[in-house]
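None of these values were measured; they are calculated from a predicted model. Order of listing sets the numbers, starting from 1, for every ligand and every atom in it. The basis for the numbers below is simple: all heavy atoms, side chains too, and nothing from hydrogens, waters or symmetry mates.
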Amino acid sequence: MQVYSEKQQIIKAITLLKTKKQTIGLVPTMGALHRGHLALVESALQNNDYAVVSIFVNPTQFDNSSDLKKYPRTLEEDVALLSTLSKERILVYAPTVEDVYEGNAVSEAFDFDGLEFEMEGKFRHGHFDGVGTIVKRLFEIVTPHNAYFGEKDFQQLQIIKKLVEKHHIPVKITGCPIYREASGLAMSSRNTRLKPEYLEAAPFIYKTLTTAKKLFGTKSANKVSEWVENQFSKHDLLELEYFIIADAKTLRPVKRKSNKKVYRAFIAAYADDIRLIDNIALN
Ligand code: PAF
């Protein structure tokens, strides 16, 4: 499998593939790959001639320097995992910060029509400007036909769709379902940092979401939120940061339920110092 650390090299390889009319699907990642990432790469391989997997821990999307420092970096294992899918049809782009940002690792300021101010935007300042900056840059470098993102970061997925729409970037964005452990815990690179007791506790997040979904059938969003907050207040190990039921399109919190709208419930919670997020479709 070809692993490129310099953008000029991968641009050359992609240009050659494109002259042969080959299609490219991009899977942007920050590495520490798990089964959920592999499912995205599988989708890219099914629907394109080649998959490009970028592996880059993007400094501009972290508002907490210790989180950035502790983020797992496992390039060798990542490449080994990817080669179980294909050695010939996957190109890895694992650049340095210098290669991507050319000495200027700062975010662009984006307007995502308000999507950036909801949920994660309230707790991770500048996060979506950082995500927008790196994803836009990856689209410019890789020029993919398609790009694949997980629904675990549902807000990020909506924001990337908005980025593409507003900046007229010719790439089709596909969202892929959340991949879960047998326990229900949403797969995340951060799970590897959970101490055993927290790993055991963390499936409570998904369990709570599934019950919230049932309750939402008969109760108001406020009542469901109260119930969830109460469940977390009784939990010894997990600390709820937010629970929100929102319109899946605008991401605005629901005030009054309507049969015509599609809703989703979102959770962010701390397990020790590890921040976990998850979400579920409600209707
Ligand atoms: O979801 C992620 O892993 C990151 O936010 C992304 C999209 C790779 C951008 O750094």
Side-chain angles (χ1 to χ4, degrees), residues 4 7 10 25-41 43-44 51-65 67-75 77-78 81-82 90-97 99-101 105-108 110 112 115-116 119-121 123-142 144 146-164 167 169 171-179 186-193 251 266 268 274-279:
Y4 300 90
K7 61 175 171 295
I10 194 156
L26 171 65
V27 181
T29 81
M30 298 208 296
L33 301 184
H34 49 67
R35 197 67 199 79
H37 290 114
L38 294 192
L40 299 179
V41 180
S43 294
V52 172
V53 180
S54 62
I55 298 180
F56 179 63
V57 181
N58 172 36
T60 65
Q61 71 188 74
F62 286 80
D63 61 346
N64 176 330
S65 57
D67 197 21
L68 170 62
K69 226 176 177 173
K70 286 189 204 151
Y71 202 87
R73 288 156 171 91
T74 56
L75 182 59
E77 288 96 318
D78 292 346
L81 255 185
L82 289 170
I90 300 177
L91 286 68
V92 174
Y93 175 44
T96 58
V97 173
D99 186 65
V100 173
Y101 283 106
V106 288
S107 296
E108 254 181 74
F110 290 96
F112 296 120
L115 291 174
E116 70 274 37
M119 300 184 290
E120 293 297 286
F123 295 91
R124 302 182 73 188
H125 296 289
H127 173 67
F128 289 120
D129 279 341
V131 170
T133 302
I134 187 62
V135 172
K136 186 161 165 267
R137 233 162 242 238
L138 289 170
F139 287 160
E140 285 158 4
I141 294 167
V142 177
N146 295 290
Y148 300 83
F149 295 86
E151 285 185 344
K152 186 173 84 68
D153 296 292
F154 191 85
Q155 184 173 12
Q156 169 176 280
L157 171 64
Q158 299 309 107
I159 279 177
I160 287 161
K161 285 182 179 165
K162 186 64 79 179
L163 171 82
V164 163
H167 292 261
I169 304 172
V171 54
K172 181 171 170 254
I173 305 299
T174 300
C176 301
I178 300 175
Y179 228 83
M187 287 195 187
S188 163
S189 306
R190 288 168 197 266
N191 294 353
T192 58
R193 288 175 49 211
L251 303 183
F266 298 84
I274 319 273
R275 192 169 180 279
L276 301 173
I277 59 170
D278 201 350
N279 67 83

Checklist entry - Out of Met30, His37, Arg137, His127, who gets a non-hydrogen atom closest to atom 3 (O) of ligand 1? => result Met30
Checklist entry - What atoms of ligand 1 come closer than 4.0 angstrom to any heavy atom of Ile134? => result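 Close to Ile134: 9 (C), 10 (O).
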Next on the checklist: Suppose I only count heavy atoms of Pro28 and a 4.0 Å limit; which atoms of ligand 1 are within that range?
Outcome noted: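 What qualifies from ligand 1 is 8 (C).
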Checklist entry - Would you call Arg275 and Glu120 a salt bridge, taking side-chain N to carboxylate O under 4.0 Å as the test? => result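 Yes, Arg275 and Glu120 are salt-bridged.
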Next on the checklist: Tell me if a side-chain donor or acceptor on Thr133 pairs with a main-chain N or O of Val106 at a distance below 3.5 Å.
Outcome noted: no
Checklist entry - If we only count N/O pairs under 3.5 Å, is Gln156 in contact with ligand 1? => result yes
Next on the checklist: Using a 3.5 Å cut-off on N or O atoms only, is Gln61 in polar contact with ligand 1?
Outcome noted: yes
Item to check | Nearest heavy atoms of Val100 and Pro95, plus distance in Å | outcome: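 Of all heavy-atom pairs spanning Val100 and Pro95, the closest is CG2-CG, 3.4 Å.
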Item to check | Within reach of ligand 1, part of Thr29 (heavy-atom separation under 4.0 Å) | outcome: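 It is the backbone that touches ligand 1; the side chain stays farther off.
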Item to check | Modelled atom types, side-chain donor and acceptor of Tyr71 and Asn58, under 3.5 Å | outcome: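 On atom types as modelled, these side chains do not qualify, holding no pair under 3.5 Å.
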Checklist entry - Tell me, do Phe56 and Leu138 make a side-chain contact under 4.5 Å, heavy atoms counted? => result no
